[in-house]
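For reference, the structure is listed below as structure tokens.
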Amino acid sequence: MSKLSSSFYTTVQRNFDNAAALTDHPKGLLAQIRECNAVYQMRFPVKIGNTYEVIEAYRVQHSQHRQPTKGGIRYSAMVDQEEVMALASLMTFKCAIVDVPFGGAKGGIKISPRKYSVDELQKITRRYTVELIKKGFIGPSVDVPAPDYGTGEREMAWILDTYQTFSRGEIDAVGCVTGKPVSQNGIRGRTEATGRGVYYGLREACSHEDDMKEIGLTKGIAGKRIVVQGFGNVGTYSASISQDEGDAIIVGIAEWNVTLYNPDGIDIAKLIKYKKKKGSILGFPGAKALKDKDEWVSIDCDILIPAALENQITSKNARKIKAKIIAEAANGPITAGGEAILNKKGLMILPDMYLNAGGVTVSYFEWLKNLSHMRFGRMEKRFNQNTYANIIGTVEKLTEKSISAKEKRLITRGADEIDLVRSGLEETMVMAYKNIRDIKKRRRKITDLRTAAFISALDKVANDYIAMGVFP
Ligand code: NAD
């Protein structure tokens with residue numbers, strides 16, 4: 001077991017214990033919520049080239065108090081049991097915070113995807129899915145995976161196809177996995193969901209003048225200087241949406257091989273195109289490459305968004321941070337030692353289990369779409385359009401004034417699936433933040449948003465167990 005991930009799990013459990021100590025829930029109930037309910041560790045052979053490789057993989061269901069359980073699948077050479085346990089635990093709390101009715105789970109395959117061809121990745125993914133099917137660890141009402149670090153809609157399509165091969169006649173089979181391509185029963189807005197959620201969460205946090213004043217910032221996300229570590233799915237969308245919709249300035253982007261810096265702002269759309277063409281952000285002409293790639297941490301900025309992996313901000317580099325807000329787009333990016341330093345400095349930390357919950361929120365919408373077998377907006381879009389057009393027509397008649405065709409089109413537009421997904425996500429992120437902020441404001445002993453978020457989650461999960469009659 002690697003030292004690194006073991007400390008990630010320890011950090012999650014320590015944070016849980018700190019919050020649990022501030023609640024009145026019975027000890028047995030807290031112990032039940034704290035531990036992982038089921039851990040499936042597997043080894044299977046896959047033919048790679050001329051030899052067989054034995055692949056190490058996991059699926060952990062942290063809590064089955066609500067079913068199905070839900071959580072992404074990670075492909076990384078650093079995967080091990082404790083890492084997956086930590087991520088599965090966070091999923092339970094994440095779902096509770098945003099009122100998504102799932103228990104938490106997570107999967108991981110210990111491979112570096114860059115070292116395998118697409119065909120080999122497909123073989124590994126399909127074999128992993130078969131292992132999950134054999135043990136009943138996947139299914140629309142049991143356990144529903146999704147993308148995470150190193151995986152995306154391509155892998156989800158392979159999982160779906162494999163599951164369907166073994167589930168002839170199961171009418172809801174397409175709900176066995178989320179984050180699928182739209183053409184394969186996915187939902188519009190899922191790929192961007194985590195990054196978009198990060199933006200909504202940040203925008204909400206920055207909208208409270210008194211909170212901003214406390215950390216020496218002005219109200220509003222517009223004009224805030226942001227650094228993002230990790231330019232994959234979550235980092236890319238966090239950066240582009242903050243820039244395009246929030247008018248924030250992205251002054252730094254860090255990847256595993258380089259950190260880019262431009263105090264006037266990096267054009268994120270151009271950087272995305274560049275990365276697609278070259279396969280890396282290295283050599284991008286719109287910013288300068290810092291001499292030391294690890295210096296992303298000390299760039300002068302207002303907001304730092306770690307969006308790569310756990311354990312990136314530690315007791316070794318936390319003192320260098322100049323940002324006033326750390327927005328945890330990644331899971332577990334701050335170690336306990338790092339957090340102690342940041343709390344002393346009086347920074348605001350937007351915790352992972354709240355801030356990156358946009359992915360699971362839209363996964364929930366996708367799962368609902370799959371179970372209802374219909375695209376969102378299909379029933380009501382035209383009806384709403386006609387109703388709005390009638391209202392405008394009546395107002396025009398009564399006032400004897402008319403509005404332009406362009407204005408009319410805007411006002412009478414009915415909502416498409418993407419509009420509904422985005423508004424559902426925005427509502428979820430805004431309401432969850434208000435709830436966490438309220439908990440922090442109401443209870444004097446709570447001085448940070450992470451503890452407040454844990455308490456929000458803990459209370460909800462505890463109430464579920466009590467309602468089930470498990471803990472009278
Ligand atoms: P991804 O694989 O799409 O992207 C990760 C990026 O980080 C890659 O570009 C990689 O090169 C980069 N990276 C790796 N090591 C780095 C380093 N040392 N410094 C800088 N960059 C580095 O993964 P993702 O889906 O964007 O996930 C990122 C984080 O967000 C993970 O912690 C994941 O658990 C979390 N998360 C993802 C989702 C989701 O929907 N994908 C949802 C919630 C949370």
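Being a predicted model, the structure only gives us computed values, none of them experimental. Atoms within each ligand, like the ligands themselves, are counted from 1 in listed order.
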Indicate the ring-plane relationship of Phe44 and Tyr128, choosing parallel, tilted or perpendicular according to the 30° and 60° boundaries.
tilted
For the residue pair Tyr433 and Tyr354, categorise the inter-ring angle as parallel (less than 30°), tilted (30 to 60°) or perpendicular (more than 60°).
tilted
Can you tell me which portion of [X] lies within the under-4.0 Å heavy-atom range of ligand 1? Options are side chain, backbone, both, or neither.
X	answer
Arg190	side chain
Ala307	backbone
Ala329	backbone

Keeping [X] on the side-chain end and [Y] on the backbone end, is there a donor-acceptor pair under 3.5 Å?
X	Y	answer
Lys123	Lys47	yes
Tyr274	Gly283	yes
Glu417	Arg188	yes

[atom2] on [Y] to [atom1] on [X], rounded to 0.5 Å:
X	Y	atom1	atom2	result
Leu271	Asn262	CG	CG	11.0 Å
Ile326	Leu304	CD1	CG	4.5 Å
Ile349	Leu449	CD1	CG	9.0 Å
Ile226	Leu202	CD1	CG	6.0 Å

Restricting to non-hydrogen atoms, name the atom on Gly338 and the atom on Ala318 that form the minimum distance, rounded to 0.1 Å.
O-CB, 3.8 Å
Which ligand 1 atoms, with their elements, are less than 4.0 angstrom from a heavy-atom of [X]?
X	answer
Asp148	25 (O), 33 (C), 34 (O), 35 (C), 36 (N), 37 (C)
Asn356	43 (C), 44 (C)
Lys275	9 (O)

Contacts satisfying side chain to side chain donor-acceptor pair (under 3.5 Å) that involve residues 234-250 (not counting sequence neighbours) are Arg196-Glu245
When you measure from the heavy atoms of [X] to every atom of ligand 1, does any distance fall below 4.0 Å?
X	result
Arg74	yes
Glu192	no
Glu328	no
Gly72	no

Among [options], which one puts a heavy atom closest to [atom]?
atom	options	answer
atom 41 (N) of ligand 1	Leu90, Leu87, Val258, Val234	Val234
atom 31 (C) of ligand 1	Ala193, Ala254, Gly197, Ala308	Ala308
atom 15 (N) of ligand 1	Trp296, Tyr149, Tyr75, Phe231	Tyr149
atom 3 (O) of ligand 1	Asp294, Ile281, Asp352, Asn233	Asn233

Tell me which protein heavy atom sits closest to [atom], plus the residue, atom name and distance to 0.1 Å.
atom	value
atom 16 (C) of ligand 1	Trp256 CB, 3.7 Å
atom 19 (N) of ligand 1	Gln229 NE2, 3.3 Å
atom 11 (O) of ligand 1	Glu255 OE1, 2.6 Å
atom 4 (O) of ligand 1	Gly232 CA, 3.2 Å
atom 39 (C) of ligand 1	Thr194 OG1, 3.5 Å
atom 18 (N) of ligand 1	Gln312 OE1, 3.9 Å
atom 32 (O) of ligand 1	Asn331 N, 3.1 Å

Can you confirm, on distance only, whether ligand 1 has an N/O atom lying under 3.5 Å from any N/O atom belonging to Gly150?
yes
Between Arg114 and ligand 1, is there a nitrogen or oxygen pair with a distance under 3.5 Å?
no
Ring centres of Phe16 and Phe93 under 6.0 Å apart?
yes
Can Lys70 and Asp143 be counted as an ion pair, charged N to O under 4.0 angstrom?
no
With sequence neighbours excluded, what pairs up with His373 under the side chain to side chain contact (heavy atoms under 4.5 Å, CB included) test?
Ile171, Asp172
